[in-house]
Number of protein chains: 2
Amino acid sequence: MILKSQVEWALHCCAILAGLPEGRYLSTKALAELHGLPKEYLSKALQSLSQASLVETTLGPSGGYRLARAPSEINFLEIVEAVEGKALSFTCTNIRANNPCRAEGYCDSKPCAVARVMWEADEAWRDTLRRVRLSDLVGTLSEEVPAELWRSTFEWVLKRAG
Amino acid sequence: MILKSQVEWALHCCAILAGLPEGRYLSTKALAELHGLPKEYLSKALQSLSQASLVETTLGPSGGYRLARAPSEINFLEIVEAVEGKALSFTCTNIRANNPCRAEGYCDSKPCAVARVMWEADEAWRDTLRRVRLSDLVGTLSEEVPAELWRSTFEWVLKRAG
DNA sequence: AAATTAAGGATATAAACTATCCGAAAATCG
DNA sequence: CGATTTTCGGATAGTTTATATCCTTAATTT
Ligand code: FES
Ligand code: FES
């Protein structure tokens, strides 16, 4: 059970977009350079964010991406699900139905107890991600990233933001 | 992020083994038939359980698998990790290090804040699985599975258990 | 001695992930 | 207007992982 690397990319890109001044956009090219990522492939991750309505886009020179909502109104789960999909990590193929002792045409009233436990764990994972807002991340980063690096990074970003 | 189907197989097999009388073994063949699974491939999952010391084996006719510990001493996480591996679902490739604004040779003091959140979610998932014991599952199943099916299943199993 | 079993290696197929390329449509700018 | 830049979607290809089967070996029972 491994998340795709695009999850890391998307979260970091959102953190950068969260620091963008009102009304400005940042391009795929800039985001790829900043994180050292393949531009074309990162583009797919950003398209996922766009389809999930987490970011807004505009075309042409000085175009790119910006957040569609305030960072306090976006949580980790939304970003992760945008690129990773909303499918549950555990899928029950109902192997209990293959029990040869079963009466013909017998139908289960409840989902399997095994699956329920696995789904409960899945929900605990989602719940943790749902509770962390993008604004929380930005807050932590602004405390932990050295002030000079923080400043120069956004200077770098603003120079490229249309 | 999808778990392999072997997770479902392993959990159901352990639930059956938990109902086995002291000192008896159940073969791959029987477990595969009972759940309608490919015998050769299920065998790989059972080998994983064996390597994780969750089950004990014996060879020859009347050989097979039995639990290495009491069902109350085995939890879901152990079974899931045995077949799925212990790797964390999120792997940080440290893309923050690619920031062109970084000073040469700068070294981070902490793991990235993004990764810490993802790992926290991972731990919440693991914690849920850790809290559910195999004996809890058997308890739930014995309540939910119709008594007649429950009885006939273990009759079927005992007829094949060496 | 014959049959049965787990274990592990080799191999093959299918699916998912990673990555790149290209064309179309839209927006900017000179 | 025309050239450039951008997102978007489709097509494609390489790599890795998951799924599945086959076969050999060694241990055990009958
Ligand atoms: S039948 Fe799918 S988890 Fe039990
Ligand atoms: S650098 Fe890997 S999660 Fe931030």
Side-chain angles (χ1 to χ4, degrees), chain A residues 1-10 13 17 23-33 35-66 68 80 82-85 87 89-91 93 95 160-162, chain B residues 1-10 13 17 23-33 35-66 68 80 82-85 87 89-91 93 95 160-162:
Chain A
M1 187 188 68
I2 293 292
L3 294 169
K4 30 180 121 164
S5 54
Q6 287 189 337
V7 169
E8 184 183 9
W9 305 358
C13 286
L17 293 181
R24 317 270 307 262
Y25 293 86
L26 194 61
S27 71
T28 306
K29 180 160 173 262
L31 286 167
E33 265 182 52
H35 297 111
L37 302 173
K39 181 166 85 77
E40 314 282 354
Y41 194 30
L42 172 63
S43 166
K44 301 295 183 188
L46 296 172
Q47 281 174 43
S48 299
L49 294 178
S50 176
Q51 284 174 340
S53 300
L54 292 176
V55 299
E56 290 172 349
T57 69
T58 186
L59 294 177
S62 84
Y65 297 87
R66 72 177 175 199
V80 172
V83 302
E84 191 65 28
S89 63
F90 180 85
T91 41
T93 61
I95 60 176
R160 286 156 180 84
Chain B
M1 186 189 67
I2 292 292
L3 294 169
K4 31 180 121 165
S5 52
Q6 287 189 335
V7 170
E8 184 183 9
W9 306 358
C13 286
L17 294 181
R24 316 270 305 263
Y25 293 85
L26 194 62
S27 71
T28 306
K29 183 160 172 261
L31 285 166
E33 266 182 51
H35 297 110
L37 302 173
K39 180 166 85 77
E40 315 282 354
Y41 194 31
L42 172 63
S43 165
K44 301 295 183 187
L46 297 172
Q47 281 174 44
S48 298
L49 294 179
S50 175
Q51 284 174 340
S53 300
L54 293 176
V55 299
E56 290 171 350
T57 68
T58 187
L59 293 178
S62 83
Y65 297 88
R66 73 177 175 199
V80 172
V83 303
E84 189 66 27
S89 63
F90 180 85
T91 42
T93 61
I95 60 175
R160 287 158 181 84

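A note on names: the letters A, B, ... follow the listed sequences, proteins ahead of strands, and every chain is numbered from 1.
Here the side chains of B:Cys13 and B:Leu42 are in contact, with some heavy-atom distance below 4.5 Å.
As a whole-Å value, the separation of B:Arg24 CZ from D:dT29 P is 14 Å. In this structure, B:Lys29 places its NZ atom 15 Å from P of C:dA3, rounding to the nearest Å. Atom CZ of A:Arg160 and atom P of D:dT5 are 15 Å apart (whole Å). When rounded to the nearest whole Å, the span between CG of B:Leu31 and P of C:dT5 equals 12 Å. C:dC22 atom P lies 17 Å from atom CD of A:Gln47, rounded to whole Å. Between the CG atom of A:Leu42 and the C1' atom of C:dT20 there is a distance of 14 Å, given to the nearest Å. Protein atom CG of B:Leu46 is 13 Å distant from nucleotide atom P of C:dG8, rounded to whole Å. Residue A:Phe90 contributes atom CZ, which lies 16 Å from atom C1' of D:dA18 at whole-angstrom precision.
Counting non-hydrogen atoms under 4.0 angstrom, B:Glu56 reaches nothing in the nucleic acid. Heavy atoms of B:Ser43 sit nowhere under 4.0 angstrom from any nucleic acid atom. Across all strands, A:Gly162 comes closer than 4.0 Å to no nucleic acid atom at all (heavy-atom distances). As judged by a 4.0 angstrom heavy-atom cut-off over every strand, A:Tyr65 is placed among residues touching the sugar-phosphate backbone only.
Each of C:dA7, D:dT29, D:dT5 was ranked by its minimum atom distance to the side chain of A:Pro61; first place goes to D:dT5. Between C:dG8, D:dA27, D:dT29, one nucleotide has an atom nearer to the side chain of B:Leu59 than all others, and that is D:dA27.
Rounding to the nearest 0.5 Å places CG of B:Leu59 at 10.0 Å from OH of B:Tyr25.
Looking at every heavy atom in both residues, A:Lys39 comes nearest to A:Lys29 through CD-CA, 3.7 Å. Considering every non-hydrogen atom in both A:Ala52 and A:Ala82, the closest pair reads CB-CB, 3.7 Å. Annotation for A:Leu26 and A:Leu17: closest pair CB-CD2, 4.0 Å, computed over non-hydrogen atoms. Across A:Glu56 and A:Ala68, no two heavy atoms sit closer than the pair CG-CB, 3.8 Å.
OP1 or OP2 of D:dG9 lies within a sub-4.0 Å distance of a side-chain N or O belonging to A:Gln51. Phosphate proximity of C:dT4 to B:Ser62: absent, as no side-chain N or O sits under 4.0 Å from OP1 or OP2. Using a 4.0 Å cut-off, no side-chain N or O of A:Ser50 falls inside it from OP1 or OP2 of D:dT7.
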Atom pairs under 3.5 Å: protein N/O with N/O of nucleotides 13-19 of chain C:
residue : atom : partner : partner atom : Å
C:dT18  : OP1  : A:Ser5  : N            : 3.2
C:dT18  : OP1  : A:Ser5  : OG           : 3.3

- Task: May I have the step-by-step check of side chain to side chain donor-acceptor pair (under 3.5 Å) for B:Gln6 and B:Ser48, ending in yes or no?
- Result: CA-CA 10 Å; B:Gln6 287 189 335; B:Ser48 298; 5.2 Å; no
